[in-house]
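The structure appears below as structure tokens.
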Protein chains: 2
Amino acid sequence: MARVTIIDIARESGKSYTTVSRALSDHPRISLETKVLIRATATRLGYSPNMMAKGLVQRRTQTIGLIATELSNPVRSELIEALRRHVHASGYQLLVSGYQDEDELSSRIRDMAGRQVDGLIIGKITGVVEKKDFWPSLEAALKQDIAVVVFSKATSVRVDCLCIDYTAMARQLTEHFIRKHGFRNIWYLGVDRNTIRQRGYVAAMQAAGLDSAKRLFLLPAQDMQTARNAIGELLRQEGKPQAILCHNDITAIGVMHGLRQCGYRVPEDIAVAGIDNHQISSFFNPALTTAGIAPERVAESMMKLLEARLGHSNQSPAVAVHLPFKTYFRESCGCCCPNDEE
Amino acid sequence: MARVTIIDIARESGKSYTTVSRALSDHPRISLETKVLIRATATRLGYSPNMMAKGLVQRRTQTIGLIATELSNPVRSELIEALRRHVHASGYQLLVSGYQDEDELSSRIRDMAGRQVDGLIIGKITGVVEKKDFWPSLEAALKQDIAVVVFSKATSVRVDCLCIDYTAMARQLTEHFIRKHGFRNIWYLGVDRNTIRQRGYVAAMQAAGLDSAKRLFLLPAQDMQTARNAIGELLRQEGKPQAILCHNDITAIGVMHGLRQCGYRVPEDIAVAGIDNHQISSFFNPALTTAGIAPERVAESMMKLLEARLGHSNQSPAVAVHLPFKTYFRESCGCCCPNDEE
DNA sequence: CTGAAAGCGCTTACAG
DNA sequence: CTGAAAGCGCTTACAG
């Protein structure tokens with residue numbers, strides 16, 4: 001009930017609470033003697049500072065907010081954990097928020113701003129930028145001096161951006177199917193329409209003079225089950241492709257399972273590739289061909305971007321960091337070249 | 001810079017800030033007219049309430065803290081996402097914290113208490129309870145009226161507990177190996193020593209008159225890579241078992257890959273089972289035999305436990321909720337019974 | 001080296 | 001139905 005406050009420590013130690021406050025934050029002009037005394041009584045009383053009060057006056061909360069989608073995707077969780085480690089290492093805590101619907105994003109941003117987070121990481125804003133309430137909420141956050149970094153494709157937004165070139169990943173994997181394996185009937189199995197990944201696929205197909213429009217299919221959701229169930233139906237209606245590029249590893253895993261259930265072998269009958277390079281993709285049988293960036297790298301870059309803003313102002317121009325990705329050719333596309341070492 | 005506060009709204013709308021505060025929180029004794037006026041100016045000015053100030057005076061922060069280990073394990077992320085949804089649905093936000101070392105836990109608890117979380121979920125405290133600083137930090141949190149639920153095996157702790165019977169899962173899987181498949185040389189591949197999972201394995205082995213001590217091996221870490229690399233070495237040193245029960249699905253996935261690399265077939269040469277029943281386990285080739293509880297169920301129960309405490313006091317006695325698990329016999333143990341439906 | 005005072009942005013009795 | 005005042009627990013100029 002009765003929380004221990006600096007007033008209690010002041011009373012116990014016979015000092016003013018001003019001095020207590022200073023001693024606890026290791027102010028240089030407090031005598032060592034006093035510091036020792038005060039710290040001792042603080043721990044004796046089981047004192048822990050009220051971050052609400054501290055945050056109110058200091059206008060800093062030592063909190064980084066993360067707003068992202070697909071929080072249950074293992075890829076996301078690898079990133080979150082890496083991020084959390086970096087955030088902790090810098091003395092912050094991570095406040096995690098998610099959203100399903102694009103309209104939700106702006107209210108999530110306002111929530112975070114109200115909680116006075118010092119920094120804010122926003123995942124994938126493609127498709128959100130046109131929502132009417134998005135910009136005002138972002139502007140409000142910026143005006144409040146919150147360090148913001150978005151995590152998206154290159155963007156003209158006036159906030160720092162960590163760019164991951166999914167377009168190039170999709171393009172490169174599609175080109176690999178075409179050039180290395182000579183496939184021409186290559187499907188793309190996406191989730192949302194017109195993603196940047198999809199664009200890479202289309203570009204590669206067009207460059208090779210292949211039709212992509214009729215080979216582009218959309219799943220209603222991006223979990224494994226959905227992909228598994230959908231692929232059988234698709235094969236029945238559309239015939240058999242030579243290869244399938246999937247929106248991400250999770251989808252690819254679902255597809256591979258669905259193909260096996262339909263009696264097709266991967267890669268002998270149909271080749272498959274994913275995007276993300278989640279750890280698990282190399283453990284599959286067959287091992288999954290995919291492309292991605294180590295989450296550790298992403299987390300590190302985000303934190304670096306954030307720290308550059310934190311404390312400093314939002315006045316300096318926004319920077320865009322492009323992270324190089326790597327492509328992993330494994331068994332599922334028909335390659336067996338063991339180039340899988342880190 | 002200049003944040004919009006209720007003072008600004010008061011000035012703009014010609015009302016006192018007291019009235020603004022009341023109107024914004026929909027106080028019954030404010031006229032509808034005034035409320036409409038004030039809300040309009042609030043949104044016009046882009047106001048969002050400062051939760052620090054609010055939290056300071058109300059002593060509630062609408063935040064639930066989560067402290068857990070193994071945050072990058074996909075199983076954990078499924079749970080976190082489910083939890084996050086429930087937490088949001090009840091009007092709270094989720095503050096996520098992790099710890100590697102058991103000694104860290106108490107300082108994480110203090111952090112959370114300092115942040116004035118309304119509720120706190122603590123993952124697996126087995127092996128932590130004997131740490132000297134653990135109890136004081138937990139007591140402090142309780143005294144501060146934070147609703148606490150631990151997520152562990154049955155415990156005598158004076159906080160609510162969500163119990164998951166890993167011992168029974170391990171026991172049941174081991175018994176399955178013994179009775180259904182007639183295996184006698186069954187290994188257990190664990191991570192920490194003397195976990196409750198391990199205990200289930202030992203019990204089943206002893207009950208069948210089988211030696212377990214020499215068949216129990218510990219991995220230095222619980223990621224897939226470690227398991228994959230370790231299993232080869234182990235086979236070379238110890239010969240070939242008939243079956244391996246793994247600490248969790250992630251370990252089992254690593255093991256299956258390692259076995260394949262060594263030229264062994266699963267389940268023909270060696271049977272494998274995991275624990276957790278992560279979604280992905282049914283997508284593997286071979287599909288993984290495992291046991292677990294749907295994360296959605298776990299999250300739901302946690303939230304229920306938490307909400308019963310939230311607002312109410314910590315005076316009523318601690319309750320322990322036991323969640324029933326399910327066992328899934330799939331291909332990796334040699335069964336093919338498709339009992340995998342939910 | 002230490003203290004008294006103001007103030008962070010809100011809510012909530014207490015008056016009217 | 002509305003307002004003036006106190007206070008949540010801290011930090012930080014301003015004085016000494």
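All chains are named by letter (A, B, ...) in the order of the sequence lines, taking the proteins before the strands, and each is independently numbered beginning at 1.
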| Whole-Å gap separating P (C/dT2) and CG (A/Leu24) | 14 Å
| query | Does the side chain of B/Thr19 pick up a donor-acceptor pair with the side chain of B/Ser16 at under 3.5 Å? | reply | yes
| request: Starting from C1' on D/dT11, measure out to CD1 on A/Ile38 and report it in whole angstrom. | output: 15 Å
| field | Presence of salt bridge, A/Glu81 and B/Arg76, under 4.0 angstrom | value | no
| task | Report the distance from atom CZ of B/Arg29 to atom P of C/dT12, rounded to the nearest whole Å. | result | 13 Å
| request: Please report, rounded to the nearest Å, how far the P atom of C/dC10 is from the NE2 atom of B/His27. | output: 18 Å
| Whole-Å gap separating P (D/dC10) and CD (A/Gln116) | 18 Å
| said: Checking base pairs now: Watson-Crick or wobble, both atom distances under 3.5 Å. What partners D/dA15? | reply: C/dT2
| query | Counting any heavy atom closer than 4.0 Å, what does A/Ser21 reach on the DNA or RNA strands: base, sugar-phosphate only, or nothing? | reply | base
| note | Taken to the nearest whole Å, CG/B/Asn50 to P/D/dC8 is 18 Å
| request: Report the distance from atom CD1 of A/Ile7 to atom C1' of C/dA5, rounded to the nearest whole Å. | output: 13 Å
| Applying the side chain to side chain contact (heavy atoms under 4.5 Å, CB included) test to B/His86, which of B/Lys304, B/Met302, B/Glu307, B/Glu300 qualifies? | B/Glu300
| Just by distance, do the side chain of B/Ser301 and the backbone of B/Arg297 share a donor-acceptor pair under 3.5 Å? | yes
| said: If you only use heavy atoms from C-beta on, which nucleotide in D/dC8, C/dT2, C/dT11 is closest to the side chain of B/Gln58? | reply: C/dT11
| said: Looking at C/dT2, I'd like to know if its phosphate oxygens (OP1 or OP2) sit under 4.0 Å from a side-chain N or O belonging to A/Thr19. | reply: no
| task | Would you tell me if any nitrogen or oxygen in the side chain of B/Lys15 comes within less than 4.0 Å of OP1 or OP2 on D/dG3? | result | no
| field | Atom C1', compared across D/dG16 and D/dT12: separation rounded to whole Å | value | 16 Å
| note | Among D/dC10, C/dA4, D/dG3, the one nearest any side-chain atom of A/Ile6 is D/dC10
| query | If only atom types and distance count, is the side chain of A/Asp118 paired as donor or acceptor with the main-chain N or O of A/Thr61 below 3.5 Å? | reply | yes
| Earlier contact from the 5' end, DNA chain D, for B/Leu56 and B/Arg22 | B/Arg22
| message | I want to verify a distance call: between D/dA6, C/dA6, C/dC1, whose nearest atom is closest to the A/Tyr17 side chain? | response | C/dA6
| Tell me: CE of B/Met52 to P of D/dG7, nearest whole Å? | 23 Å
| field | A/Lys54 side-chain N/O to D/dG9 phosphate OP1/OP2 under 4.0 Å | value | no
| request: May I ask you to say what A/Thr34 touches in the nucleic acid, namely base, sugar-phosphate or nothing, with a heavy-atom cut-off under 4.0 Å? | output: sugar-phosphate
| said: Regarding A/Thr18, tell me which of base, sugar-phosphate or nothing describes its non-hydrogen contacts under 4.0 Å with the strands shown. | reply: base
